[in-house]
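In what follows, a single structure is set out as structure tokens and then discussed.
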Amino acid sequence: MIVSRFAPSPTGGLHLGHAWSAIQAHDRARQHDGRFLLRIEDTDATRSRPEHVAGILEDLAWLGLGWDELSVQSERLALYDAALDRLREDGLAYPCFCSRAEIAREVAASLHAPHGPDGPLYPGSCRAIDPATREERMAREAYAWRLDAGEAARRAGPLTWTDELAGTAPVEPLMLGDLVLKGKDRPASYHLAVVVDDAAQGVTHVVRGRDIMPSTHAHRLLQAVLDLPEPVYRHHALILDAEGDRLAKRHGAPTLADWRAQGMDGTALAHRLRAGDLPAGFSFDR
Ligand code: GLU
């Protein structure tokens with residue numbers, strides 16, 4: 001049975017790009033008598049807001065999208081801790097004491113800082129701290145947990161991922177470097193929580209925007225070292241605004257809530273999107 005999910009972060013109002021993503025995830029399951037899950041990804045407590053959770057539920061109902069199960073990541077933290085424990089026991093996670101400023105200084109001073117899709121990657125400074133110093137610093141300093149991506153990649157061996165639209169491609173396991181698993185003030189990173197939940201919830205089809213593709217490399221690596229099943233991916237095209245920019249909460253894209261308040265018919269909007277017909281001023285990033 002196909003199980004898909006829409007997994008928004010309640011850090012702002014949903015916009016047209018979210019609607020497009022939710023419709024595709026919903027329809028992927030519904031076309032095959034499958035299950036469509038709604039998962040609120042609120043592990044970033046400083047940016048998540050209850051009013052955005054309420055708005056997401058109203059937006060989906062307005063679009064005519066019903067879900068079979070609603071889950072909230074902040075209620076599932078024990079699962080992410082268990083996964084982190086396993087990575088620690090396997091020697092694949094290490095504590096990182098660095099501040100953002102220290103990381104930036106280290107990157108600036110290094111001639112060969114590895115780069116990822118969003119700029120320089122963590123240079124791995126805390127990976128080599130000796131066990132005694134590590135213990136001692138853990139007792140008195142705040143720290144995050146990071147994945148030892150190099151070691152994880154060695155253990156996982158060659159991996160691929162399969163995308164319904166783009167086909168099968170080799171995984172580049174170091175794409176995101178030694179990513180954060182648990183932050184100094186965040187109980188689980190997006191990467192750890194998403195991988196754990198997709199497996200725990202039996203998600204077979206991960207439908208999401210193409211902008212998240214770089215993370216999929218890291219997600220496949222985490223799945224491999226945690227012995228989790230491999231879902232099929234469907235990274236869909238993004239929607240651009242009149243300036244050709246990707247819709248983003250921070251650029252002030254009109255929200256679905258704005259349109260709802262103006263009396264727009266959400267089900268009609270969903271039908272138009274399914275037919276590939278976007279409202280004036282929007283286009284697909286083909
Ligand atoms: N929570 C993520 C976001 O809102 C989406 C994660 C995913 O679909 O894997 O960008």
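When a residue number appears, it is its place in the shown sequence, counting from 1. Read the numbers this way: they start at 1 and go in the same order the structure lists the ligands and their atoms. Keep in mind that the numbers below use all heavy atoms, side chains included, and drop hydrogens, waters and symmetry copies.
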Subject >> Ring geometry between Trp259 and Phe282 (parallel below 30°, tilted from 30 to 60°, perpendicular above 60°) >> reply: perpendicular
**OP:** For Val194, counting its heavy atoms only, list the atoms of ligand 1 lying under 4.0 Å from any of them.
**Re:** 9 (O)
**OP:** Could you tell me whether some N/O pair between Ala7 and ligand 1 is separated by less than 3.5 angstrom?
**Re:** yes
Subject >> Contacting atoms of ligand 1, where contact means under 4.0 angstrom from a heavy atom of Glu41 >> reply: 1 (N), 2 (C), 5 (C), 6 (C)
Original post:
So does Glu89 pair up with Arg86, basic N to acidic O under 4.0 Å?
Top reply: no
**OP:** Within a distance under 4.0 Å of any heavy atom of Tyr190, pick out the atoms of ligand 1 and give their elements.
**Re:** 6 (C), 7 (C), 9 (O)
Original post:
Measuring from the heavy atoms of His18, does anything fall under 4.0 Å of ligand 1?
Top reply: no
Original post:
Which is it for Arg39 and Ser71 under the side-chain hydrogen bond (donor to acceptor under 3.5 Å, both in side chains) test, yes or no, and what are the steps along the way?
Top reply: CA-CA 5 Å; Arg39 186 169 72 222; Ser71 59; 5.3 Å; no
**OP:** With heavy atoms under 4.0 Å as the rule, classify the contact between Phe6 and ligand 1 as side chain, backbone, both or neither.
**Re:** neither
**OP:** Among Val207, Val203, Asp197, Leu38, find the one that has a side chain to side chain contact (heavy atoms under 4.5 Å, CB included) with Arg5.
**Re:** Val203
Subject >> Sub-4.0 Å atoms of ligand 1 with respect to non-hydrogen atoms of Ser9 >> reply: 1 (N), 2 (C), 3 (C), 4 (O)
Original post:
Do His52 and Thr11 have side-chain N/O donor and acceptor atoms under 3.5 Å apart?
Top reply: no
Subject >> Geometric class of the Trp145/Tyr143 ring pair [parallel <30°, tilted 30-60°, perpendicular >60°] >> reply: perpendicular
